[in-house]
Structures are given as C-alpha cells and as structure tokens.
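Worksheet: the structure to be examined is printed underneath.
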Amino acid sequence: SFFKGLVKGGCVPGGGRRPDEGCIRVKNLPSDTTDFNLYEMFAPFGAIAVQGVKAMINEDGSCTGVGFVDFQDPEVAGGAGGAF
C-alpha cells in the first residue's frame, strides 16, 4: 500500500529501526484487548512508533494477555512501563 511504501522508504517519522529500549511488554491484558486499546492506553505517555502496538492474539481471536508497545523515545518507555 501507499502508506507501507512511505514507512519502508523512511518518509514517516518513527518508521525506521528503533532501539529495543523503547519497547515495553505488557502482561495480564483482558482477553478482548486489541491493538487499538493498547494505543489508547499508552499514547498519552508519548509518541508511539508507526505500527508500534501489538496485542498478541490466539487462534480464536482473543488476546493472549500479552502485548507490546514500541515508543520512539526510550525514556518515555521507562515511565510508561512503570505506570502499569
């Protein structure tokens, strides 16, 4: 798609390679958690990378209880991880 091409070409801020320190793992999520729910919960802490939220999903479509959020700033990730 057009957007994926922009990300791959480095035209979108936060679309490139980011340090692992900016990624946090979230546990004990409800079974109905979606990527968008993670975005809503963590966006107030700071900028999240393009395609930077992922709720892990079971085959039946329910959340496994684990998700990942990839912040553009590692310092923000530390604060957000400590809040939950």
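Just so you know, residue 1 is the first one in the sequence shown, and it goes up from there. These numbers come from the heavy atoms of this one structure, side chains and all, not from hydrogens, waters or symmetry mates. All of these numbers come straight from a predicted model, not from anything done at the bench.
Nearest heavy-atom pair across E21 and A77 is O-CB, 3.6 Å.
In this structure A43 satisfies the side-chain contact (heavy atoms from CB on, under 4.5 Å) test together with Y39, I48, sequence neighbours excluded.
You'll find the side chain of F42 reaches within 4.5 Å of the side chain of V26, heavy atoms only. In this structure, M41 and L29 have side chains that are in contact, with non-hydrogen atoms separated by less than 4.5 Å.
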Next on the checklist: For a side chain to side chain contact (heavy atoms under 4.5 Å, CB included) check, start with the C-alpha distance between D70 and I24, then their side-chain angles and the critical distance, and finish with the verdict.
Outcome noted: CA-CA 6 Å; D70 196 1; I24 62 169; over 6 Å; no
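I57 and F36 end up in different hydrophobic clusters when Ile, Leu, Val, Met, Phe, Trp and Tyr side chains are linked at under 4.5 Å.
The environment of CD in E75 is sparse: at most 12 heavy-atom neighbours from other residues, nucleotides or ligands sit within 6.0 Å.
Residue pairs meeting the side-chain hydrogen bond (donor to acceptor under 3.5 Å, both in side chains) criterion with at least one member in residues 23-35, sequence neighbours excluded, are T34-N37.
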Do any side-chain atoms of residues 61-68 form donor-acceptor pairs under 3.5 angstrom with protein atoms, and if so which ones, sequence neighbours left out?
residue	atom	partner	partner atom	Å
S62	OG	N58	ND2	3.1
S62	OG	D60	OD1	2.6
T64	OG1	M56	O	3.3
T64	OG1	V66	N	3.4

